[in-house]
Each structure stands twice: as C-alpha cells, then as structure tokens.
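Notes follow the structure.
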Amino acid sequence: MIPKEKLMEMYEKMVRIRRFEEKAVELFLKGALPGFLHSSIGQEAVSVGACAALREDDYMISTHRGHGDIIAKGARVDLMMAELFAKKTGYCKGKGGSMHIADLDLGILGATGIVGAGLPIINGAALACQLKGTDQVSLCFFGDGASNTGSFHEALNMASIWNLPVIFVCQNNLYAESTPQWVHQKIQDISVRAQGYGIPGVSVDGNNVLTVYRATSEAVERARGKGGPTLIECKTYRWLGHYVGDPGTAYRTKEEVEQWKSRDPVKQYRANLLANGVCEEKDLDAIDRRLEREIEEAVEFARNSPDPDPEDALQDVYIGEYIP
Amino acid sequence: MIPKEKLMEMYEKMVRIRRFEEKAVELFLKGALPGFLHSSIGQEAVSVGACAALREDDYMISTHRGHGDIIAKGARVDLMMAELFAKKTGYCKGKGGSMHIADLDLGILGATGIVGAGLPIINGAALACQLKGTDQVSLCFFGDGASNTGSFHEALNMASIWNLPVIFVCQNNLYAESTPQWVHQKIQDISVRAQGYGIPGVSVDGNNVLTVYRATSEAVERARGKGGPTLIECKTYRWLGHYVGDPGTAYRTKEEVEQWKSRDPVKQYRANLLANGVCEEKDLDAIDRRLEREIEEAVEFARNSPDPDPEDALQDVYIGEYIP
Amino acid sequence: MREITYREALREGLREEMKRDETVFLLGEDIAEFGGTYKVTQGLLEEFGPARVRNTPISEAAIVGAALGAALLGMRPVAEIMYIDFSTIAIDQIANQIAKVRYMFGGKARASLVIRTQGGAGRSSAAQHAQSLEAWYSHIPGLKVVMPSTPYDVKGLIKSSIRDDNPILFIEHKLLYNEKGPVPEEEYLIPIGKADIKREGKDVTIVATSRMVLRALKAAQALTEDGVEAEVVDPRTLVPLDEETILQSIKKTGRLLIVHEASKRCGFGAEIAALASEKAFYDLDAPIKRVAAANTPVPFAPKMESFVIPDERAIIKGVRELLG
Amino acid sequence: MREITYREALREGLREEMKRDETVFLLGEDIAEFGGTYKVTQGLLEEFGPARVRNTPISEAAIVGAALGAALLGMRPVAEIMYIDFSTIAIDQIANQIAKVRYMFGGKARASLVIRTQGGAGRSSAAQHAQSLEAWYSHIPGLKVVMPSTPYDVKGLIKSSIRDDNPILFIEHKLLYNEKGPVPEEEYLIPIGKADIKREGKDVTIVATSRMVLRALKAAQALTEDGVEAEVVDPRTLVPLDEETILQSIKKTGRLLIVHEASKRCGFGAEIAALASEKAFYDLDAPIKRVAAANTPVPFAPKMESFVIPDERAIIKGVRELLG
Ligand SMILES: Cc1ncc(C[n+]2csc(CCOP(=O)(O)OP(=O)(O)O)c2C)c(N)n1
Ligand SMILES: Cc1ncc(C[n+]2csc(CCOP(=O)(O)OP(=O)(O)O)c2C)c(N)n1
Ligand SMILES: [Mg+2]
Ligand SMILES: [Mg+2]
C-alpha cells in the first residue's frame, strides 16, 4: 500500500511538470526564451513514477528533454524558469539553459545534451556510493534513441559487471527526433537488451505512474540490497514535436497523436485517485490551482531577475582563475 | 558434404597460419621485427572455418590479432612477412606493419588496431554491396573484449535495422589482454547479445574448424539470401600471451593453458581428416613440408627486400600530393 | 545573378552530384522525411529514394564507419553529423580510421567520402551544441577540411568535395544557412585549396573563416570611415591551406589579424599566426593579432554568448590596435 | 640524490596520493594484476585492493564517464587510457562532459579527476598507437593539460594533478618510462602552470615538450661546439601555460625554436608561435621556427618513423637556420 501522502505528492509533481512545460512552450513561442526547448508533455508518469521510488539522497541524471525528470526529483521551478530565461538567478546562472539544469544538493547530476552521455556518468555516481559504502542508488533517464548509442552498451555492461546500484530508465516515446523506433531498431521491447548484460530488464506502461513507480521501486530495492542494476523500459509518448518549432507532423499521424493524448497520464492518474477514493475532486483542484500560481510566480521571479553580466561568461570555467 | 578439395584447403590454411605465426614469434624474439606482435596461435580454426565459408569476392575485416584471418582469406605470406619486416615490398610498403595488413583485391579490408573499430566499417562494405545489388557478403572478426565496445553495439544495431549482409564473428579467446571474460562481462555466451538486435546469434566450438565452417556457411547463406546479419561466437583460446613479450602467465594458470593446448585445433582437424579417411598421413605431411618451405621462402623474400626510403613516409597520406 | 540561400545552394550541390554519380549517397540522423535538423536535405528523399537518402539510428560511430566501409568499395558517401559537437562520438572513425587507412595500407585504399557537419554559436544552444572544432580535424594528416562562408562557396565546394578522392570534413555554420548570395545557374566547381579574397585592401590583412568572414566584411566596411582599407581573406579550405594567398596579402599590408569563432587557444588561428611568423616575418610591421572566442565553453545566455564570440566591434578594435 | 625511472616516480606519486586520500582510486584497462601495459600501476592492486585499482572492460567512454560521475560525488578518480589514440573513443566524455559540467551547471559541479594516458612515437607502433594529441585537449576550455618530461616532474605533477580540483589530462610518453633521473625521497609538489628552464642559454630559446625535451637538451649540448648557448624551456603544463617564462626567455635570446612530436599543422607549437608573434614580436630577431612531426600518420617502418619524428639533427639544423 502506497501512503496517501505519497500518492498525492505524485499527482502534484505530475501537474507541476505539465504546467511548467505548458508555460515554457507558451513563452518560447512568444519569443521570450532563447535557445531550444524540448517539451516532455505526455511523459510525466515516467519522470514522476521513477523518481518517486527514490530517496532524496539518491542520484539522478537526465537528458535534453529533462524538465520533467528534474522537477520529479524535486527541483525548484522558479530557479528552472529563471534558467530558461537565461537569468543570473537561474540554476546555472544562465550558463546552461534548458538542456543542462543541475541541482547537486538534490542529487540531480544535471542533464546532458549529448544523447546517451548520461549513462556512463551515472555509473560513476553509483560507483562512488559503492566505494563509500552508502546504500544510495543512482538512476539514469534516457530515450529510445539513446539505446542505440555506444554509451548505452558500454555503460550497461560496466554497471552489470561491477554490480552497481543503478536503475536505467528508458523513456521510450517511440521516436528519436523524427525517426520512429522501427526505423532505428528492430526490437520492440528495449528491455530485451538487458539479457546481453545478464541483468533484469522489464517493459512497462509508461503512462501509468503507479506502474512505473512499482517497477522502479523493485529495481531500487534490488540495487540497495546490492543486487545490481536493472533496465526498465517505459513506453510513453511525447505529445509535441521533438523541439518547440517542430510540429511533429512530418513523421507522425494525427491519429497516432490523438490516440496517445486520449491516454493522458495526468488525467488517467487523476481519475484513478478519485475512483479509488484516495481523495476528492476538490483536493485535486486545490493542487491544480496552487500549481498554477506557483508557475506564474516562477515566471514572475524569472522575469524580474537580472540578466547575467556579459563578463560572467569568464567565470566557472575552472575552480580557480580563468585561463586566458 | 564438403568436397575433399575444400577440406584439404582448410587444413593447408590452418597449417600456413600456424607456421607463419610460429615463425613470426621466433623472429620477433630474435629482435628481427619492429613494433608489436599479437600471435593468433590456437585460434586457427576460427579464421579458417569462417573464411572458408566466404567466396573470394566477399569482404572481410580483421583485428590487431589478424594474421590468421588474413591468411585464411587468401593473403600472400611473403608480402605479409615483408610487411612484418617493415620492408618496401610488404603489403603496406612498411607503413602499416603487423596490425594493418590489407589486400583489397582479395576483399581484405585491412585490420585495425583500435578494438571494435572494424564493426562499423564492415557495415559500410555490406551496404555498398546492397546498394550495388550484388550478392556479396561481408564478415567482421573481433574479440570478446571488443564485444564491450560502443562500436559493437552501434554496428550490430545498424546492420540489423538495414538488414545488411554481414556476419559478425566473435573470436572469444576468453581474455581481453589480461582481463578474463568474467571480469569484463557477466554473460557467458556473447551470442545472447544478438537478441538485443533481433538477429540470429549462435555460440560454437571455435577449435573445430568444421563447426565454425558450418555455422558461418549458414550465416553466409542467410546474408546472401537477403536474410540479414548473424552474430557467431566461436569459443577458442590464444596459446601465447597477449603480445609477444607477455608470457601470459600473470592472469592465466598453467593448467588452463595446457588444457586448451590439448585441444589443438590443427591437430584435432588433422586427426579428423585421417579418421574420416579423407586423406592419408603422407598427404598431410606433404602439405606440412610444403608450407614449411613456403614460410622459409617468405622470410627469405622479406629479408632480401629493400627497406623503404625514409622519404617514402611522405607518400600515401593523400591521393594526390603531400600537404606540407 | 539569382540569389539563393546557403542552404539552397548546398542542397543544389548535393542534388547535382547525386544525379551525376550513382555512387553518391547520403546517410545521417533525421535527414530523410525530416530533411535534416537544418533542412539541408529536404526533398532529396523524394527525389532519390530511401536507399540513397538514409536515416540512421543515433550512432555517430556507426554512421561514419559505414561511410568508410562503403568508400573502400568505391562508393562516395556523404555522412551528416548533425552538430560538430557530436562528431566527438565518431572521432575514432574519423581520425584513426578514415584519415589513416590509405596510409596504413600503403596507398591502396581510397576513402573518398565527405562528412558534412555544422558548428558555431549564436543561437543560445549552449556548450554542447555550439562548438567550432575545425582545428582538431586540421591537426590530423589524411583529412581535408573545408569551411565555406557563402552560398557560392558552399555549392562549389560541396561538389568538389564529393568528387575529391580524399576524405573531407565539410563544416557548415548554423547561422549561415539562411544567408543569401549570388549563385550561378550553370554548373561550377571551386578547387579545394584555393583561398578567396573577399575584399581587397592595402592596410591590414584580415584572415577570417566561416561566419566570421561576414563579420570581418562588415568590420572592413565600417573601417573605411577611419580611412582604413582592410583586405579580407577567406581561406575556404583549411587543409590544404592556400598559404600563398595569405602570405601575398601580408606582403602587401604588413599587418595580420585573424578572426575565428573557435576558442582562441590552439584554434586554427594559431596555425595561421605560426605560418606568418615563420614565412612572413620580415613582411610584418606589427605583432599579429587573433580575435577569437574566449577560452570558455559557449554559454547559454545571449548576453554572455555574444560576449565570448567575436563581433564586428571586436574586429574593428583589433584592427585599430594593430594600426595604432 | 637517488635516481629512479619515470615509471617508478609516477608510481610513487600515485601511491603516495592513494595513501594520503581515500577518495583517490584508479580505473582502466589491465591496470590491476597486469600492472598496466607500461607497468605503471604494478603492485598497486596488491597494496590497495581491487576496489581502488579497478580493471575495466574495453569501454573507454564508460571508463571516463564513470570517472566523471564519481568525481561529481567528491571522489578523485585517476582513469587510465592505455594509449592517447584510444582517448578518441572517450572524447565526448572528456571534451563535452568533463570539461564543461562545471561551467554548464553555473559553477556548481567539481570534476576533480585525472585522465592518465601516454602518447608518442618511436616504438614502431604505427599510426594508431603513436599519436601526440595534446593540442586537441589544449583547445578545450575547462581542461588542464600536463605533459611531464622527467622523473622529477612526473612525480611532482601527478601529485599536484590529483589534488587539483579541475579535470586534468596527464600525458606521459611511452619512451620516457625507462628514463632515469634524480627524485628526492621526501615529498614535493610541482605547481600546475609553471614552466621549467631545463637549460639556460642566451642565443636561442628552444621550447620543447615531453620526450622532445630530452632531444632538445642533447641538441643544445651539441650546439655548444658551434659556440651556441641554447636555452631549453619545458612548459611542463600546456594549460595553463607559463607564458611569462617563455616570453622572458625570448626577450633574452631574440630567437624561438619550438619542438614537438605531434604533427606540425595545428600542433601546440602553433599556439606558442602565435603567443610569441602576438606578445614578443618586438623581441624577436628572426622568424620563429617549428620543428615538429611531418603531417603524416606515424609510419611503421623504423626508418620512416625516425624520418617523420624530429631528432637531434633536426633541432640542430633548425637552430642553425635561425641563427644563420
Ligand atoms: C550524440 C547525439 N547525437 C544526436 C543528437 C541530436 N539529438 C538530440 S535529441 C535526439 C533524439 C533523441 O531521441 P531519444 O533518445 O529517443 O530521446 P527523445 O528526444 O525522444 O526524448 C537527437 C538525435 C544529440 N544531441 N546527441
Ligand atoms: C579502443 C581500444 N582500447 C584498448 C586497446 C588496447 N588493446 C589492444 S588488444 C586489447 C584486448 C582485445 O581483446 P579482444 O577483443 O578479446 O581481442 P584479443 O586480443 O583477445 O584477440 C586491448 C585492450 C585498443 N587497441 N583499442
Ligand atoms: Mg525518443
Ligand atoms: Mg579476447
């Protein structure tokens, strides 16, 4: 039995992600945000279900499509929004932007813009915990496209042979940019690749937050108990294009998109909570309203924050002085 | 039924490899050869069994431990020996040495010193044949250690999704340099990795040349018939150290080495030919003697060949002129 | 003459060569239906079909390796690496295999292929999507490096690159694709290894590459108000480098300013400075000056990004210092 | 003072730091029982156990990525890449992740790690095992690059590198391991960023790196017969570079010769030449000269290899030309 508090927290996080992402898209389309933006709308159940299985002192690493993951691990939306706005108060002081948000105090080891590059790094975090003798686990998100990178293979093999406390969570949204899964790999269930490393692998419905939570919890338990790594594939869908600006229509049918939208992970979970009598509609509405405000305030904070000074660009290259 | 001629040719090739390698080791230990030398003694059945399943116009790519593979595909030992001696008459005019022998006319696309790097390249050869509409197939040798490289993964996935006419032949000699297989990967049968790409995979006794031949022939037939790639793991053993100079004792027991030597692929095959009445002892002895001579002549050729001119170093960087 | 964009000119060049030579084919991530992230290959799938316009998995090493294998069999592949930042994943294939096969094999192999990629900052794409790595590739013997700055050049040079028998790294710039310029209807080629004097002048030589050529031209225009006539030399190809044209210009002006977008330390500008200090020492009337990006990763925030990347003002300031 | 080899000095440095700081650990291919291909880590497994002296699969990206992940959690890993030629496989992790995390994350991450590797020619190891790629890494802001030439320097610098809070590429030379030199018994550190004048002189400045320092010293000795007193400056660390010491020396001598083993084009020598042509222009009495490897892959044959790699004669000839 999952305690009510936990159930409600998951709902809250899913809605926080949805609202954050919607707002970010809106702002981007208005030209308020520089750079690119990869929306994770539609994938909330994976981010939240997986991170809900972690402790605050566990580690997580994310991807170019990372806002959802990062919020799920506890990141502050005001500092995130400020980063999207390229402000000095942002998580990365405006140096990283959407693709590189980190909060090491929350165990968020950042996000990388290089597809697949997070997998080798997460092993190091897990190794550090193993060497220090803690029972912390480390989790890595990555996409279906990333599962074809050399990094995926090298990292899963290393994790398996060193029995590292890692959970590899594949967010299979069926596309790598414009390339459908069947064009980039012959297998359907990415979890079968686990067999090549002698580790457990499982494929689950990535639009059901509780399913993801349960699968991840099992993997976390195994990892904490020195049982080694697990590969979890969560089948899900991104509603929008690869990045804001790509309508996502050149390579997907309207029907496909609509069909997946009808399986909205947030709505489904809301219905589930009500159907199971976990709470009442008004409780959820209250959360919705609170988050609406929270996101507005985050935008406010971001807008009112100062830009970085141009010369700040020369800081943080090294610990110590800039090397001219 | 394999025709006698073919059976005898396989024997001849195995002995050619064995004699070539023994001679090379001897010469290296005497200080006659520059660079390093990776001996393939003990692995003859893989090289010969796999290449015997190919046509002359099929393609093959090899590794740092490539002499056996290259001889099996038909390379001339005199030009090889001259290359080992760094002579102008060598396969690579003394520019490549032991690790980089190629003979494009024989479909030998060379050997690479970077572990795993041959796998992506073989796909390109296979793709070229596919695009040209020929029925040629392409074969890539690599080691157990190489099966942990990112290149292995990217290449097998690409071959599978493009249905390329490729045969991936893993020479699992149980060690990657000093590292035993169980230290570098958790799985025992490397062929299980084929499942991660939705292609056939098989593990066979790599010390039995006919077993390797049959497994490869099946894969070749599939590839020629547009049935796509196959992963074949051949379990074998290198008798000597990783390179000449490494006694190979720091990480292996004497017993293990002796046990594998008792399963000498050349001796076993010889016994097999005699037991099955394919030929008589004297036929094989005649081959042995002929090859002894051939190798001596190769050494002679190499020794009597001129060194390259120092300035030759500036040629062959480009097609066209050296760019200073 | 008609004016078209850099993107269109490039696409025309690709299309013409694909029509002209059946062995030319394209491979890369999202280049087919999607037309590539920067839409260079849009429409080519429809025209040439999926065999010759190939979407790949996210497997840069496998992409480039496949190009090499195909080239060894006589094809002329054009591989696209979406961002030069991702070429890091294929760099073993590029620098250790492609650049070296011909040499290692003693002049027998032909690695006639083009790797198209794009670099540069200015879109707030942050540290992993905005690098300028041309100096790396220029350091590796066996490669040629082409870096066109105008629609006219990009078309003429892509055509020559595809026909060249040597491997070529062809570096576009993400902010040049929309730039327009005159491009003849009739066919033309631009020789690899010939610099272009984009503007004649007598007071100072500005050697600039890629997008910086445009900025140098604007700066040169602005400098006329000081009565300064700057000569702007665009090497167009870094390897081979047209030393003659650069040295002649220095002879005329006595002053050298080098502008590029890569980090200053060990950028290509260092090579040009070295060239001048070796071969034009007695022609120089003042110290050489490099105007290049700061030695920092590329920051996300537009204000910081424009601070680290050279702009017209920095070029003008540099020239004034040189003349001062 | 006692004399020990470069290899022993390096091992002592590693051992002392491992004793001093529990967070220091080693990982790499064949570094445990085998002691590393060049035997640097021999005996450390026995002393520190398999948790801190870790054999890895052949997975360079995973090795370096794991080092980064562990460093983010406060460890101080020392990763060994067997040959700098293989660093190409990890270069996304090195250049895009390790070098940039701190910056991208707005100064929050600490990537305190050392990547030990070795380069250089002279053993007939051919094109893929003999490169000198220091210029590549020096081009990437966020990394420090250390290249020690003597037993004394290698020990003092490995200790400082391990203690440095920034990521360091530590480049050894395969032909220096057996070189002997004085090394104090008592502990000492060498600051990162401080050049060493290996020989004082007044007629010409020779800036040389790694093994070329030894050759420059021999050349300087031979030049005394011409009555020429050459000053030999060893930068020891390329990033940060001790510009002051180099510029002071040029001020004294008025002449600059640069010697390195990397290919000349875009080698680190270009950066030193550029530095001098920018900041020491008025101190120079003659053109700058670079003595570096030819722009070819490294050939196998000893005669060709010694032709392309600078030797004493080339250095002496260079100096005579400069003075002539
Ligand atoms: C190594 C590398 N290659 C290519 C890209 C360009 N790119 C960015 S995201 C992406 C698709 C990633 O697909 P997937 O892993 O499925 O993640 P998703 O975007 O679907 O979340 C690509 C090709 C990149 N960032 N890094
Ligand atoms: C990418 C890369 N990493 C490391 C090496 C060094 N090295 C050469 S051979 C070898 C072991 C290869 O093992 P395996 O693939 O099993 O082939 P085997 O030597 O057993 O034939 C290693 C580590 C290399 N050449 N390339
Ligand atoms: Mg995806
Ligand atoms: Mg092996």
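Protein chains get the first letters and strands the later ones, always in sequence-line order, with residue 1 at the start of each. All of these numbers come straight from a predicted model, not from anything done at the bench.
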- Return the minimal non-hydrogen interatomic distance between B:A117 and C:D92, and the atom names on each side. CB-OD2, 3.6 Å

- Task: Look up atom CG in C:L27 and atom CG in B:L127, then write down how far apart they are to the nearest 0.5 Å.
- Result: 7.5 Å

- Message: Using a 4.5 angstrom heavy-atom cutoff, name the option from B:I161, B:L109, B:N123 with the most pairs to chain C.
- Response: B:L109

- OH of B:Y318 to CG of C:D165, rounded to nearest 0.5 Å, is 13.5 Å

- Query: Which one of C:M75, C:Q97, C:E22, C:R102 has the most heavy-atom pairs closer than 4.5 Å to chain B?
  - Reply: C:R102

- Interatomic distance, B:E154 atom CD to C:I58 atom CD1 [nearest 0.5 angstrom]: 10.0 Å

- Is the backbone N or O of C:T23 less than 3.5 Å from a side-chain atom of B:K132, with the two atoms forming a donor-acceptor pair by type? no

- How far does CG of B:L156 sit from OG of C:S59, to the nearest 0.5 angstrom? 11.0 Å

- Task: Under the side-chain contact (heavy atoms from CB on, under 4.5 Å) rule, what do C:L72 and B:I121 come out as? Steps first, then yes or no, please.
- Result: CA-CA 9 Å; C:L72 290 176; B:I121 301 171; 4.2 Å; yes

- Message: Return the CZ to CD1 distance between C:F105 and B:I108, rounded to the nearest 0.5 Å.
- Response: 10.5 Å

- Message: What I'd like to find out is whether the side chain of C:V64 reaches to under 4.5 Å of the side chain of B:P120, using heavy atoms alone.
- Response: no

- Sort out for me which of C:Q93, C:K144, C:R54 touches chain B most, counting heavy-atom pairs under 4.5 Å. C:R54

- Message: With a 3.5 Å distance limit and no angle check, can you tell me whether B:K93 reaches the backbone of C:G106 through a side-chain donor-acceptor pair?
- Response: yes

- Item | Option that, when pairs with chain C are counted at under 4.5 Å, heavy atom only, ranks first among B:L104, B:I101, B:I114 | B:I114

